[in-house]
Amino acid sequence: MPQADWQRTVWCGEVSEEMAGRNVTINGWVQRVRDHGSLVFVDVRDRTGVVQVTCDAARAPEAFAQARELRSEYVVSVRGTVRRRAPDAVNPKMKTGAVEIEPSRVLVLSAAKTPPFYIEENVDADELVRLRYRYLDLRRPDMQRNLVLRHRFVKAVRDWFDAHGFYEIETPMLTRSTPEGARDFLVPSRLQPGSFYALPQSPQLFKQLLMVAGLERYVQIVRCFRDEDLRADRQPEFTQIDVEMSFVTAEDVMTQIEDMIATALRAVGKDVTTPFPRLDFATAMARYGSDKPDLRFGLPIVDVTGIAAQTEFGVFREAVARGGVVRAIVVPPGAALSRKDLDGLAEEARSRGAKGLAWLAFEADGLRGPVAKFVGGAAAALQERLEAPAGSVAVFVADEEAVAAEALGHLRLVLGRRLNLTKDAGDALLWVTDFPMFEWNAHEGRWEARHHPFTSPVEEDLPLLETDPARVRAQAYDLVWNGVEIGGGSIRIHRRDVQERVFRCLGFTKEEAQAKFGFLLDAFEYGVPPHGGIAFGLDRLVMMVAGAESIREVIAFPKTARGGDPLTGAPAPVDPRQLEELGLRVEAGGPAARAAGRGRNGTA
RNA sequence: GGAGGCGUGGUGUAGUGGUGAACAUACCGGUCUGUCACACCGGAGAUCGCGGGUUCAAUUCCCGUCGCCUCCGCCA
């Protein structure tokens, strides 16, 4: 195919001193025009960088005249000669700062309206404006860096899986609604009016079927959908790295997968050491008050229930008497917590269910604080147990165990941030293992699978299925990075008898199990390999690598907190004929009608 | 479903019960041959998100509503 005469021969960011004297053509966007009268500088940008075009009225009158008409974000083709700049005109801040292009022709390929915000590194425009003009936002170098980073990371992930014998296999996007888990996005069927597909929350059941099918090693980088409320790190559509392997133990999955993660991270310039440390769930909850602890800093939670029971402090004694616990975090000397800080911490603790927050300052000459007078003879034992140095302050929560853990876990994170312990602290990756198999759902008065009903219990806990389900541990594992859950998986049940016992625990009758998961159970009648796998949240992973505050910074076209896309206007009402074809009707007075009654976007 | 924060020229902010609504930047015009966040001179640009209330008077106070952000619930 012949080259059109305006097409690039070199990228803007790659014009170099070695090219001096050569005739080149660049294509790109006008970054900035500096008009000096009869000398005009035009910075031209493409995805590789910026290069300066110097238009001299005396040397190239035609190109000069064209250059004066240029405005920001015009798309141009510039042909000219690469020239070394005079030594005093070199710009050391620019990659191409030692050269410039002396144009013989400046061609406008496309004019542009003035953009609503400047196309530059650190934009301060409102995110709503950025999303409405996302195509302009994505011109900015930092957004392009994030997208390129994502590409490189995904490429490295795929390469690793390919090199290790995994096949990438697609699974349906239009599938069947399953009873457990998140709310499904539904898609009405036109050919079967009144019936609905669901978009996949994850390809869980399909990947297990692929194991039954003997594919052995499966991976898919796959879009998943969950109709739940959004967060800074959560979108209703997101991408998983979905993995399943046959004839493996939890140990195999963890060792192989951590190599994959380390390899992919290395490909984007992040070095992490393997093996990753491991922490069992019970310890994580007790020490860090979280199943995804941030191990970039210490501030462990210490249990002082035994000692607290011996004090004269009513709140402690009553909590213990009711079967609760008293736990504490020691804030090191030098944190300089004011009375106001402590009140703020108490408020934080209450926001996570604690009734209050007691505190004790360990000073050289004794205890200080409102509770000090009740501690009495237990002071020395308390200080020793807490390993609290002079000048430190301990904060206490007395409550039932789960509440104390959760509240102190939250305080630990608040303190970590406030004391600047996470900054420059490196990266802390770890596996959390030995999750409980079941969770008690108080609302419905039954046990629920914490991971999912096909997760295999730990072998030695099998007898507990009938006697004490709360103590059954699952062969499940989560990968946690700096306090963010980036992936989780499990070994699945492949024995029919175990599966039936787990279903019994969950209160399913045989008939219910068959109705809900029949297609998988049927498949399991035909020879199932032991298997297990894991899934990662790709968006979160890339967000972490990019050091971004929000998942939206690493997604090209994300949604707002209400699930909308300001660029396309999705979601939107549809033509009545579309509804009619599907046999659907929007109910008068229902939620749809109420939404339609609301005014449109008030900021337009 | 709940809590909090925010909403003022294109963009980012300031501000006040009575203003000519301020500043920066972008934008338009002009001068300028070495700038690179060019500089300098001049200009235009805002029914202060929307609706209602209190008041002689509301951008400001109150209520509602819409939108954006964060968090709780939710996310097997």
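Residue numbers start from 1 in every chain, and the chains themselves are labelled A, B, ... in the order their sequence lines are given, proteins ahead of strands. In what follows, every heavy atom counts, from backbone to side chain, and hydrogens, waters and symmetry copies are set aside.
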Describe the nucleic acid contact of A:S490 in one word from base, sugar-phosphate, nothing, applying a heavy-atom distance below 4.0 Å. nothing

Using a heavy-atom cut-off of 4.0 Å across all strands, would you classify A:A86 as base, sugar-phosphate, or nothing? nothing

For nucleotides 23-31 of chain B, list the nitrogen or oxygen atoms of the protein found under 3.5 Å from its nitrogen or oxygen atoms, one pair per line.
| residue | atom | partner | partner atom | Å |
| --- | --- | --- | --- | --- |
| B:rC28 | OP1 | A:R71 | NE | 2.8 |
| B:rG29 | OP2 | A:R71 | NH2 | 3.4 |

Listed by chain and number, what are the side-chain contact (heavy atoms from CB on, under 4.5 Å) partners of A:E73, not counting sequence neighbours? A:W29, A:R45, A:A112, A:P115, A:I119, A:R139

Could you work out, with side-chain contact (heavy atoms from CB on, under 4.5 Å) as the rule, every residue matching A:D434, not counting sequence neighbours? A:D280, A:V458, A:R473

For A:F185, I'd like to know if atom CZ has over 12 heavy atoms of other residues, nucleotides or ligands within 6.0 Å. yes

Under 4.0 angstrom, heavy atoms only, what part of the nucleic acid is A:Q52 near: base, sugar-phosphate, or nothing? base

Which part of the nucleic acid, if any, lies within reach of A:A449 when heavy atoms closer than 4.0 Å are counted: base, sugar-phosphate only, or nothing? sugar-phosphate

For a side chain to side chain contact (heavy atoms under 4.5 Å, CB included) with A:Q201, tell me which candidate from A:R183, A:E228, A:R226 qualifies. A:R226

B:rU70 versus B:rG52 - spacing of their C1' atoms, nearest Å: 29 Å

Would you say A:R34 places a side-chain N or O within less than 4.0 Å of OP1 or OP2 belonging to B:rU35? no

Quick one: which protein N/O atoms are closer than 3.5 Å to N/O atoms of nucleotides 70-73 of chain B? Pair and distance per line, please.
| residue | atom | partner | partner atom | Å |
| --- | --- | --- | --- | --- |
| B:rU70 | OP1 | A:R552 | NH1 | 3.3 |
| B:rU70 | OP1 | A:R552 | NH2 | 2.8 |
| B:rC71 | OP2 | A:A232 | N | 3.3 |
| B:rC72 | OP2 | A:R231 | NE | 3.0 |
| B:rG73 | N7 | A:R231 | NH2 | 2.8 |
| B:rG73 | O6 | A:R231 | NH1 | 2.9 |
| B:rG73 | O6 | A:R231 | NH2 | 3.1 |
| B:rG73 | N1 | A:D229 | OD2 | 2.8 |
| B:rG73 | N2 | A:D229 | OD2 | 3.4 |

Give a yes/no verdict on base stacking between B:rC38 and A:H36: centres under 5.5 Å, planes within less than 30° of parallel. yes

Should A:F117 be counted as stacked on B:rU11, where stacking needs a ring-centre gap under 5.5 Å and an angle between planes under 30 degrees? no

Listed by chain and number, what are the side-chain contact (heavy atoms from CB on, under 4.5 Å) partners of A:T96, not counting sequence neighbours? A:V51, A:M94, A:V99

Looking at residues at least two apart in the chain, or sitting in another chain, which of them share a ring-ring contact (aromatic ring centres under 6.0 Å, His included) with A:F225? none

From the candidates B:rU11, B:rG34, B:rC68, the one with an atom nearest any side-chain atom of A:R85 is B:rG34

